[in-house]
Trainee: 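Submitted below is the structure of interest, expressed as structure tokens.
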Number of protein chains: 4
Amino acid sequence: MPSRTPDAGRRSETSRRAIYAAALGLVEETGYPKTTIEGIAARAGVGKQTIYRWWGSKADVLLEAFLDLGEQQAAGEAAPGIPDTGDLAADLKLVLRATVDNLLDPRFDGPARALSAEGLVDEKLGRAVVAKLLEPNFDLYVERLRSARDAGQLRPDLDPRIALELFVAPIAQRWLQRTAELSYGYTDTIVDYALHGIAPR
Amino acid sequence: MPSRTPDAGRRSETSRRAIYAAALGLVEETGYPKTTIEGIAARAGVGKQTIYRWWGSKADVLLEAFLDLGEQQAAGEAAPGIPDTGDLAADLKLVLRATVDNLLDPRFDGPARALSAEGLVDEKLGRAVVAKLLEPNFDLYVERLRSARDAGQLRPDLDPRIALELFVAPIAQRWLQRTAELSYGYTDTIVDYALHGIAPR
Amino acid sequence: MPSRTPDAGRRSETSRRAIYAAALGLVEETGYPKTTIEGIAARAGVGKQTIYRWWGSKADVLLEAFLDLGEQQAAGEAAPGIPDTGDLAADLKLVLRATVDNLLDPRFDGPARALSAEGLVDEKLGRAVVAKLLEPNFDLYVERLRSARDAGQLRPDLDPRIALELFVAPIAQRWLQRTAELSYGYTDTIVDYALHGIAPR
Amino acid sequence: MPSRTPDAGRRSETSRRAIYAAALGLVEETGYPKTTIEGIAARAGVGKQTIYRWWGSKADVLLEAFLDLGEQQAAGEAAPGIPDTGDLAADLKLVLRATVDNLLDPRFDGPARALSAEGLVDEKLGRAVVAKLLEPNFDLYVERLRSARDAGQLRPDLDPRIALELFVAPIAQRWLQRTAELSYGYTDTIVDYALHGIAPR
DNA sequence: CGGTAAGCGAGACGGTACGTCATGTCTTAAC
DNA sequence: GTTAAGACATGACGTACCGTCTCGCTTACCG
């Protein structure tokens with residue numbers, strides 16, 4: 001009975017961390033397409049089999065490495081929610097400006113872009129990326145919008161899950177597809193348009 | 001400047017068309033990652049060198065093939081603009097419903113998704129994809145929105161280039177990243193929210 | 001010195017033998033120029049890299065395969081020296097007749113001719129061919145001639161290394177360059193001329 | 001009626017000479033294997049088809065070019081025969097020393113070696129090389145040896161066609177196969193051994 | 001506490017595709 | 001009608017990675 005699942009208890013923590021570091025480093029330095037499993041293994045000082053034993057693909061490795069990186073950074077930070085000062089417009093503008101800063105940081109841009117790209121074409125990976133990277137953020141927006149709606153600051157019949165896309169999708173598109181420049185002025189305008197509509201009042 | 005440029009006058013039209021057909025066929029049947037230049041050449045009955053002579057990469061081939069396909073289809077069709085019945089909301093809902101239909105057509109989805117994915121990671125290709133696939137469409141929205149604005153149906157200070165993203169980006173995100181289902185109800189809602197804002201009136 | 005040398009201990013004996021067989025078979029069936037490394041790999045059921053890992057060129061492979069073939073055949077045979085019955089002329093005639101038989105055997109002719117040809121033009125290979133195919137045979141002649149000289153049957157000042165060429169080179173030339181037919185009568189004549197000179201006695 | 005043979009009358013003399021020069025130059029500079037028909041055409045400023053129209057292979061071109069070179073040099077030189085001073089040994093030593101000089105001249109060595117190599121493996125070419133390069137020389141030896149025999153300086157029953165190989169083949173082998181160094185002392189010894197035999201007198 | 005089975009680094013293996021090069025055929029325009 | 005030019009289908013080149021495998025080794029765990 002050839003067991004298909006390796007024994008996670010015996011797994012080498014050192015190797016795992018080295019693989020994460022190697023994967024992130026290579027993607028940042030040489031780009032995702034030129035990053036190879038052989039290259040990761042070599043840089044991590046690890047046998048190829050150790051990677052194949054624990055991950056299914058190059059993208060899997062990178063996704064985990066990237067998530068780990070996120071946890072690492074999030075460790076010593078403030079509460080993860082969207083601030084609620086009562087002024088929805090101001091809160092959204094603040095958060096979106098921070099998002100822009102994040103998106104333009106090459107440490108984030110490289111892996112996130114690569115994972116997104118791979119996810120477009122590989123459905124399974126795409127769903128994982130969405131579930132682990134996007135959904136948690138979306139949930140924060142939903143929560144904040146729902147609270148604003150309940151405070152009477154938004155249409156009472158509003159669907160927050162849809163509404164959040166008005167803020168998030170335009171920015172994501174400019175970032176991912178490079179359709180135009182990202183700037184604070186731009187994100188502020190988006191908040192304004194989305195909140196009050198583009199029709200005359 | 002001893003350019004390596006081949007003589008386009010001598011180019012074989014037959015081969016070019018065969019390569020387009022092979023590329024589109026293979027992407028549809030086996031997916032983009034499994035589509036190889038060798039495979040395209042073989043199916044097109046063409047030497048590999050003929051591909052390398054005229055294109056720089058697999059993605060380049062597919063982009064041209066896809067554009068050619070678009071022109072082919074557009075040949076016998078109506079005017080390409082967004083309708084202008086005077087009712088902006090209705091016009092937008094109509095167009096966006098048609099867009100959804102288009103996005104869900106596997107003949108379109110396969111290549112367009114693959115090109116988008118590659119473009120995320122390959123900046124040069126990405127810019128080409130945006131310029132040739134997205135911009136022309138964006139221009140139509142700009143035109144329609146500007147006309148509505150001039151007719152007093154939109155804020156007089158509106159920036160149409162930004163405004164169009166409220167309609168287009170959410171749909172693009174749902175399609176590309178599979179963040180949620182695309183439906184007519186959804187696009188109608190987007191038009192509603194974007195036109196009149198999510199705040200109470 | 002980070003040599004690229006692979007680990008010979010891990011080498012696959014099976015593959016090596018399959019490659020030898022494929023190389024010899026293809027050369028015999030299709031000729032050396034039409035024999036390709038890809039073809040050898042395919043027939044041997046082996047990856048190309050396995051050939052490139054261990055050999056530097058098609059000719060290298062064939063040389064080793066041919067040497068291996070020689071060892072295989074020599075395994076169950078008599079002593080490899082030139083017979084010494086005391087009658088030098090007879091001994092030489094016998095050996096040279098056997099050599100002619102060997103040269104005309106297509107199993108030998110194909111590879112040996114190909115290696116010789118490649119060796120003419122590729123100096124490194126040429127030296128290897130001479131060292132591994134010719135020199136060992138030459139040494140046998142040197143030994144036999146020296147013994148005859150010490151027995152007073154040859155000039156006391158004779159240089160055996162030069163003398164052997166009188167027997168060997170004419171035959172080699174007829175075989176390799178096809179300058180004329182090889183026959184027992186011919187080799188007998190060569191022995192006669194070389195031993196006693198072409199001048200009247 | 002597609003004529004198979006091109007009209008030699010219209011042939012471009014300029015191109016032919018340019019091709020000869022290019023072929024010889026490339027073989028000398030880069031070696032025969034790296035010399036390509038495309039390379040010859042490019043250096044000669046000639047279309048590939050012009051080469052394919054008049055020659056059957058790279059080796060054919062080189063053979064003709066090399067023969068042409070020989071004729072060029074032979075134009076302003078002395079009678080081509082082997083001298084006949086009455087002293088056969090001296091005459092042969094002289095000629096063989098000159099032969100050695102010739103063989104070691106890189107202008108000769110390059111093409112001659114390449115043609116010989118190709119001829120070993122390509123029988124048709126080999127026969128042409130022998131007929132055009134070797135036979136004419138052999139004939140000179142036959143003539144000289146026959147004259148010496150008729151003058152009583154050689155065995156009356158001697159076969160000159162065989163005898164000449166005692167002089168020529170050893171030198172050819174040392175040159176082509178690099179089995180040992182060529183020197184005047186060596187050729188003198190060969191003449192001595194061949195004339196008087198290696199047995200004691 | 002000594003035996004054994006797992007994970008591990010290493011890397012050879014059969015494959016597939018890469019991008020390049022040369023082959024020999026063909027077409028075009030210029031002379 | 002030959003020529004220079006060069007596009008074309010073909011096919012081998014040598015390289016890079018893929019994912020699988022086998023080798024000793026070290027390192028727990030268990031009997």
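Per chain, numbering begins at 1; letters A, B, ... match sequence-line order. Note that these values count all heavy atoms, side chains included, but never hydrogens, waters or copies made by symmetry.
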Trainee: What's the spacing between B:Ile40 CD1 and B:Leu62 CG if we round to 0.5 Å?
Mentor: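 CG of B:Leu62 is found 7.5 Å from CD1 of B:Ile40.
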Trainee: Roughly how many Å is it from OH in C:Tyr52 to P in F:dC17, rounded to a whole number?
Mentor: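 My rounded result for the distance is 17 Å.
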Trainee: Does D:Thr50 have a side-chain nitrogen or oxygen under 4.0 Å from the phosphate oxygens OP1 or OP2 of F:dA4?
Mentor: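 Answer yes for this pair, as a side-chain N or O of D:Thr50 is under 4.0 Å from OP1 or OP2.
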Trainee: For residues 13-55 of chain A, pull every pair meeting ring-ring contact (aromatic ring centres under 6.0 Å, His included), keeping only residues two or more places apart or in separate chains.
Mentor: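 For residues 13-55 of chain A, and leaving out neighbouring residues, there are no ring-ring contact (aromatic ring centres under 6.0 Å, His included) pairs at all.
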Trainee: Can a donor-acceptor pair be found, under 3.5 Å and without considering hydrogens, that links the side chain of B:Lys48 to the backbone of B:Ala41?
Mentor: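 Pair absent, no side-chain N/O of B:Lys48 close to backbone of B:Ala41.
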Trainee: In this structure, how many angstroms lie between the P atom of F:dT2 and the CZ atom of D:Arg16, rounded?
Mentor: 16 Å
Trainee: How long is the line joining CG of C:Asp60 and C1' of F:dG14, in whole Å?
Mentor: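 In whole Å, F:dG14 C1' and C:Asp60 CG are 15 Å from each other.
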Trainee: Can you measure D:Gln49 atom CD to F:dC8 atom C1' for me and round it to whole angstrom units?
Mentor: 13 Å
Trainee: Pick the nucleotide of DNA chain E nearest each of D:Gly56 and B:Lys58; which residue has the one closer to the 5' end?
Mentor: B:Lys58
Trainee: In Å and rounded to the nearest 0.5 Å, what is the CZ to CD distance from C:Arg17 to C:Gln72?
Mentor: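 Going from the CZ atom of C:Arg17 to the CD atom of C:Gln72 covers 5.0 Å.
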Trainee: Do C:Thr50 and C:Ser12 have side-chain heavy atoms sitting under 4.5 Å apart?
Mentor: no
Trainee: If a protein heavy atom is under 4.0 Å from the base, mark B; if only from the sugar-phosphate, S; if neither, -; do that for nucleotides 23-31 of chain F going 5' to 3'.
Mentor: B----BS--
Trainee: Between residues 22-42 of chain C and DNA chain F, which residues have a heavy-atom gap below 4.0 Å?
Mentor: C:Thr36, C:Ile37, C:Glu38
Trainee: Does B:Arg178 use its side chain to pair, donor to acceptor, with the backbone of A:Arg127 at less than 3.5 Å?
Mentor: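 No, B:Arg178 side chain to A:Arg127 backbone: no donor-acceptor pair under 3.5 Å.
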Trainee: For B:Ile19 and F:dA9, give me the distance from atom CD1 to atom C1', rounded to whole Å.
Mentor: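 Answer to the nearest Å: 11 Å.
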Trainee: For B:Arg11, does the CZ atom sit with more than 12 other heavy atoms under 6.0 Å from it, leaving out its own atoms?
Mentor: yes
Trainee: Describe the nucleic acid contact of B:Arg11 in one word from base, sugar-phosphate, nothing, applying a heavy-atom distance below 4.0 Å.
Mentor: sugar-phosphate
Trainee: Taking only distance into account, with no hydrogens and no angle test, what donor-acceptor pairs under 3.5 Å do side-chain atoms of residues 23-30 of chain D form with protein atoms, sequence neighbours excluded?
Mentor:
unit_1, atom_1, unit_2, atom_2, d
D:Glu29, OE1, D:Arg43, NH2, 2.6
D:Glu29, OE2, D:Arg43, NH2, 3.1
D:Thr30, OG1, D:Leu26, O, 2.8

Trainee: Are B:Ser57 and B:Leu125 close enough that some pair of their side-chain heavy atoms sits under 4.5 Å apart?
Mentor: no
Trainee: Applying ring-ring contact (aromatic ring centres under 6.0 Å, His included), can you list everything that pairs with D:Phe66, at least two apart in sequence or on another chain?
Mentor: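 For D:Phe66 the ring-ring contact (aromatic ring centres under 6.0 Å, His included) partners, ignoring immediate neighbours, are D:Phe108.
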Trainee: I'd like the 5' and 3' limits of the part of DNA chain E contacted by chain D, with heavy-atom contacts below 4.0 Å.
Mentor: E:dA22 to E:dC26
Trainee: Please confirm whether the shortest side-chain N or O distance from D:Arg53 to OP1 or OP2 of F:dT2 is below 4.0 Å.
Mentor: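 For F:dT2, neither OP1 nor OP2 has a side-chain N or O of D:Arg53 closer than 4.0 Å.
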Trainee: From A:Leu63 CG over to A:Glu118 CD, what is the distance, rounded to the nearest 0.5 angstrom?
Mentor: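 That separation rounds to 11.0 Å.
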Trainee: Using a cut-off of 6.0 Å, state whether more than 12 heavy atoms not belonging to A:Arg53 lie near its atom CZ.
Mentor: yes
Trainee: Between D:Lys48 (NZ) and F:dA4 (C1'), how many Å, whole number?
Mentor: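 Answer to the nearest Å: 12 Å.
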Trainee: Once you round it to whole Å, what is the distance between C1' of F:dT3 and CZ of D:Arg17?
Mentor: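 Atom-to-atom, D:Arg17 to F:dT3, this comes out as 19 Å.
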Trainee: Could you check how far CH2 of D:Trp54 sits from C1' of F:dG1, rounded to whole Å?
Mentor: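 Atom-to-atom, D:Trp54 to F:dG1, this comes out as 10 Å.
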